[in-house]
Q: 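Encoded as structure tokens, here's the structure I'll be asking about.
Note that the coordinates shown come from a computational prediction; the quantities given were computed from them, not determined experimentally.
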Amino acid sequence: MQIPEKNLGFELLRVTESAALAAARWLGKGNKEEGDGAAVDAMRLSFNSLSIKGKIIIGEGAKDKAPMLYNGECVGDGTGPAVDIAVDPIEGTNLLALGRPNAIAVIGACTSGHMFRPGSSYYMKKLVVGREARDVVDIDAPVADNLLAVARALGKDINDLVVFVLDKPRHRGLVEEIRKTGARITLHSDGDVAGSLMAVDRSSDVDVMMGTGGTPEGVISACAIKGMGGQIFGRFDPQSEEERNAMIAEGTRLDEILTVDSIIRSEDAFFAATGISGGGFLGGVQFSGKGAVTHSLVIRAKTGTFRYVESHHNWERLMKFSSVRYD
């Protein structure tokens, strides 16, 4: 038996809430750079209050391109546990700019030295399923075989399934294969992390996510998938010769298959996400004039506990001491 430890997920929740509150002011205004900048500023300031020795493994990019939350940056007050951090202040900047659903602020974290580093890999082929189907799928199997296996594991007919796919030209063949099986498809222009979360959350209509998406997003997603008991299979899928050559130069095995346990190699993993724009997954920020309501998800991998959190923010009290202006 162990004494319950502090759940870092709740600390990360405050950081994603701050990013979501700041970014939501830019909903539908057509300026994704300003929205992203507001989220980055709020997230970075909020990290200062955390008692962690954090290092950004996945952030806004290299230091020469990102003034804050860049890869390798140290965050937290320098006390407490040493942790690897993966952030996306706005997952779905285009969704926010256009006022579309499922833009979210997300953070994943785990014990220092135990988070996979994508290096020069920007894209990978993914297959994400929930707990019931985690042992019955194979990323190299035909689409029809995997969907049939998922359907059997869930006790459904194959035409009951809903498959999340990014609406990209590279997925035309995949969409055709899925449709041939009779399974249903939900197409999304963006939202790689949200799609993974939907696939492992039994309260969601989505049963599986398929297709090529971002490698960094796959790492962030793995923090959540590990806690919810699902599985992610990933194979590098470079979308340019430049990406391929850079990976080879780094010594990356292009045929390597990643799993949730090879991406996040520690049970001490945490995840937090807060909705920015409303959607079928997490509700968006709701402003009232005197405050706001946010909707979030917090996950701790070690215990397998996940919580949906509705927070009510009061401007009159919060703005007396907050270094971030939300009102």
Q: Under the rule for side chain to side chain donor-acceptor pair (under 3.5 Å), what residues qualify as partners of Ser120, not counting sequence neighbours?
A: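 Side chain to side chain donor-acceptor pair (under 3.5 Å) check on Ser120 returns Glu250.
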
Q: Would you say the side-chain atoms of Asp88 pair up with the backbone N or O of Val106, donor to acceptor, closer than 3.5 Å?
A: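 Not confirmed, Asp88 side chain does not pair with Val106 backbone.
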
Q: Are Ile257 and Leu127 connected in a single hydrophobic cluster, I mean Ile/Leu/Val/Met/Phe/Trp/Tyr linked by side-chain heavy atoms less than 4.5 Å apart?
A: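 Leu127 and Ile257: one cluster.
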
Q: Check for me whether Arg134 meets the cation-pi criterion with Phe233, that is, NZ or CZ under 6.0 Å from the six-membered ring centre and within 45 degrees of the ring axis.
A: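 Arg134 over Phe233 ring: no.
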
Q: Among Val200, Asp135, Val208, which residue meets the side chain to side chain contact (heavy atoms under 4.5 Å, CB included) test with Val129?
A: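 Between Val129 and the candidates, side chain to side chain contact (heavy atoms under 4.5 Å, CB included) is satisfied uniquely by Val208.
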
Q: Table please: side-chain donor-acceptor pairs of residues 173-184 below 3.5 Å, with sequence neighbours left out.
A:
from	atom 1	to	atom 2	distance (Å)
Thr181	OG1	Ile178	O	2.6
Thr181	OG1	Ala183	N	3.2
Arg184	NH2	Asp160	O	2.7

Q: Consider only side-chain heavy atoms of I, L, V, M, F, W and Y, link residues closer than 4.5 Å, and tell whether Leu187 and Met210 are in one cluster.
A: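 As far as the 4.5 Å side-chain criterion goes, Met210 and Leu187 are connected within one cluster.
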
Q: Pair Val219, Met115 - check side chain to side chain contact (heavy atoms under 4.5 Å, CB included), show working.
A: CA-CA 8 Å; Val219 177; Met115 181 179 287; 3.6 Å; yes

Q: Nearest heavy-atom pair of Asn314 and Glu316: which atoms, and what distance?
A: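 For Asn314 versus Glu316, the nearest heavy atoms are OD1-N, 3.0 Å.
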
Q: Could you tell me if Thr294 and His313 have a donor-acceptor pair between their side chains, going purely by distance under 3.5 Å?
A: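 There is such a pair between these side chains.
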
Q: Write down the atom of Ile104, the atom of Leu282, and the distance for their closest heavy-atom approach.
A: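 Shortest heavy-atom contact: CG2-CD1, 4.4 Å.
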
Q: Answer yes or no: is there a donor N or O on one side and an acceptor on the other, between the side chain of Ser221 and the main chain of Glu217, under 3.5 Å?
A: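 Looks like yes, one N/O pair under 3.5 Å.
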
Q: Please confirm whether the backbone N or O of Gly113 pairs with a side-chain atom of Arg265, one donor and one acceptor, at under 3.5 Å?
A: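 Present.
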
Q: Would Asp36 and Glu60 satisfy side chain to side chain contact (heavy atoms under 4.5 Å, CB included), going step by step from the backbone distance to the final call?
A: CA-CA 10 Å; Asp36 189 53; Glu60 292 291 278; 3.0 Å; yes

Q: If I compare all heavy atoms of Gly230 with all of Val260, which pair ends up nearest, and what's the gap?
A: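 Gly230 and Val260 have their closest heavy atoms at O-CG1, 4.2 Å.
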
Q: Do Phe270 and Val298 have side chains that get closer than 4.5 Å, going by heavy atoms?
A: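 Heavy-atom side-chain distance check fails, nothing below 4.5 Å.
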
Q: Looking at Glu256, I'd like to know if its CD atom is crowded, meaning that more than 12 non-hydrogen atoms belonging to other residues, nucleotides or ligands lie closer than 6.0 Å.
A: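 For Glu256, atom CD is crowded (more than 12 foreign heavy atoms under 6.0 Å).
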
Q: Membership question, hydrophobic clusters at under 4.5 Å side-chain separation (ILVMFWY): are Ile225 and Ile299 in the same one?
A: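 Same hydrophobic cluster.
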
Q: Can a donor-acceptor pair be found, under 3.5 Å and without considering hydrogens, that links the side chain of Asn7 to the backbone of Gly9?
A: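 Yes.
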
Q: Assess whether side chain to side chain donor-acceptor pair (under 3.5 Å) is satisfied between Asp201 and Ser203, documenting all intermediate values.
A: CA-CA 5 Å; Asp201 184 352; Ser203 66; 2.8 Å; yes

Q: Any salt bridge (Lys or Arg N to Asp or Glu O under 4.0 Å) involving residues 102-128? Give me the pairs, sequence neighbours left out, ordered by first then second residue.
A: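 The answer is Lys126-Asp192.
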
Q: Under the ring-ring contact (aromatic ring centres under 6.0 Å, His included) rule, what pairs show up with a residue in residues 93-152, not counting sequence neighbours?
A: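 Matches after skipping sequence neighbours: none remain.
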
Q: Determine whether Val83 and Lys53 make a side-chain contact, defined as any pair of heavy atoms from C-beta on separated by less than 4.5 Å.
A: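 Side chain of Val83 against side chain of Lys53, heavy atoms only: no contact under 4.5 Å found.
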
Q: Please check if the distance between the ring centroids of Phe164 and His188 is under 6.0 Å.
A: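 Close enough - the centres of the two rings lie under 6.0 Å apart.
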
Q: With Asp77, which residues qualify under salt bridge (Lys or Arg N to Asp or Glu O under 4.0 Å), at least two apart?
A: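 Testing Asp77 for salt bridge (Lys or Arg N to Asp or Glu O under 4.0 Å), a comparison that skips the adjacent residues, returns none.
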
Q: Any sub-3.5 Å donor-acceptor pair from Ser262's side-chain atoms to Thr259's backbone N or O?
A: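 Yes, because the side chain of Ser262 sits within donor-acceptor range (under 3.5 Å) of the backbone of Thr259.
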
Q: Find out whether Val293 and Glu310 are in side-chain contact, i.e. whether some heavy atom of one side chain is under 4.5 Å from a heavy atom of the other.
A: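 Side-chain contact under 4.5 Å: yes.
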
Q: Looking at residues at least two apart in the chain, or sitting in another chain, which of them share a side chain to side chain donor-acceptor pair (under 3.5 Å) with Asn146?
A: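 Asn146 satisfies side chain to side chain donor-acceptor pair (under 3.5 Å) with no residue once adjacent residues are dropped.
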
Q: Taking salt bridge (Lys or Arg N to Asp or Glu O under 4.0 Å) as the definition, give me every residue that meets it alongside Glu73, ordered by chain and number, with sequence neighbours left out.
A: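 Scan of Glu73 (salt bridge (Lys or Arg N to Asp or Glu O under 4.0 Å), adjacent residues dropped) gives Arg44.
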
Q: Does any non-hydrogen side-chain atom of Asn71 lie less than 4.5 Å from one of Ile57?
A: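 No; the side chains remain at least 4.5 Å from each other.
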
Q: Do the side chains of Ile52 and Leu8 get nearer than 4.5 Å, heavy atoms only?
A: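 Contact flag for Leu8/Ile52 side chains = yes.
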
Q: Got Val309 and His295 here, is their nearest side-chain heavy-atom distance under 4.5 Å?
A: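 No, too far: nothing below the 4.5 Å cut-off.
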
Q: Would the distance check show the side chain of Ser121 and the main-chain N or O of Pro118 forming a donor-acceptor pair, the cut-off being under 3.5 Å?
A: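 Side chain of Ser121 to backbone of Pro118, a donor-acceptor pair under 3.5 Å: no, none is there.
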
Q: Does anything in residues 91-100 pair up under side chain to side chain donor-acceptor pair (under 3.5 Å), and if so which pairs, sequence neighbours excluded?
A: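 As it turns out, the side chain to side chain donor-acceptor pair (under 3.5 Å) pairs with a partner in residues 91-100, which skip direct neighbours, are Lys32-Asn94.
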
Q: Quick one: does Ile85's side chain get under 4.5 Å of Val75's, heavy atoms only?
A: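 Yes - at least one pair of side-chain heavy atoms lies under 4.5 Å apart.
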
Q: Which residues pass the salt bridge (Lys or Arg N to Asp or Glu O under 4.0 Å) test with Glu267, not counting sequence neighbours?
A: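 Partners of Glu267 by the salt bridge (Lys or Arg N to Asp or Glu O under 4.0 Å) criterion, ordered by chain and then number, come out as Lys226.
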
Q: Are Ile58 and Phe236 linked, directly or through other ILVMFWY residues, by side chains that come within less than 4.5 angstrom of each other?
A: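 The answer is yes; both residues are in one hydrophobic cluster.
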
Q: Quick check: is Ile185 connected to Leu161 through a chain of hydrophobic side chains (ILVMFWY, heavy atoms under 4.5 Å apart)?
A: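 In one cluster: yes.
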
Q: Atom CG of residue position Asp205 - does it have more than 12 heavy atoms of other residues, nucleotides or ligands inside 6.0 Å?
A: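 Not buried by this count: 12 neighbours or fewer within 6.0 Å.
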
Q: Nearest heavy-atom pair of Leu95 and Ser189: which atoms, and what distance?
A: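 Result for this residue pair: CD2-OG, 3.6 Å.
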
Q: Between Ala23 and Ile90, which heavy-atom pair has the shortest distance, and what is it?
A: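 For Ala23 and Ile90, the tightest heavy-atom pair comes out as CB-CD1, 3.7 Å.
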
Q: Are Ile263 and Ile232 close enough that some pair of their side-chain heavy atoms sits under 4.5 Å apart?
A: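 A side-chain contact under 4.5 Å exists here.
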
Q: Please check this pair: side chain of Ser46 against backbone of Val15, looking for a donor-acceptor N/O pair closer than 3.5 Å.
A: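 Absent.
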
Q: Salt-bridged, Arg170 to Asp237, with N to O below 4.0 Å?
A: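 Not counted as a salt bridge, because no side-chain N and carboxylate O are separated by less than 4.0 Å.
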
Q: Residues two or more places apart in sequence or in another chain: which of them pass ring pair (Phe, Tyr, Trp, His ring centres under 6.0 Å) with Phe47?
A: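 Testing Phe47 for ring pair (Phe, Tyr, Trp, His ring centres under 6.0 Å), a comparison that skips the adjacent residues, returns none.
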
Q: For the pair Ser277 (side chain) and Ala103 (backbone), establish whether a donor and an acceptor sit closer than 3.5 Å, ignoring hydrogens and angles.
A: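 Yes, the answer is positive, given that a donor and an acceptor are paired below the 3.5 Å cut-off.
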
Q: Test salt bridge (Lys or Arg N to Asp or Glu O under 4.0 Å) on Arg202 and Glu132 and set out the steps.
A: CA-CA 10 Å; Arg202 286 300 95 218; Glu132 296 86 351; 3.7 Å; yes

Q: Among residues at least two apart in sequence or on other chains, which ones pass salt bridge (Lys or Arg N to Asp or Glu O under 4.0 Å) with Asp145?
A: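 Result, salt bridge (Lys or Arg N to Asp or Glu O under 4.0 Å) vs Asp145: none returned.
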
Q: Please determine which of Val150, Leu147, Val143, Asp207 meets the side chain to side chain contact (heavy atoms under 4.5 Å, CB included) test together with Val163.
A: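 Considering Val150, Leu147, Val143, Asp207, a side chain to side chain contact (heavy atoms under 4.5 Å, CB included) with Val163 is found only for Leu147.
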
Q: Which residues pass the ring pair (Phe, Tyr, Trp, His ring centres under 6.0 Å) test with His171, not counting sequence neighbours?
A: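 Per chain and number, His171 pairs via ring pair (Phe, Tyr, Trp, His ring centres under 6.0 Å) with no residue.
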
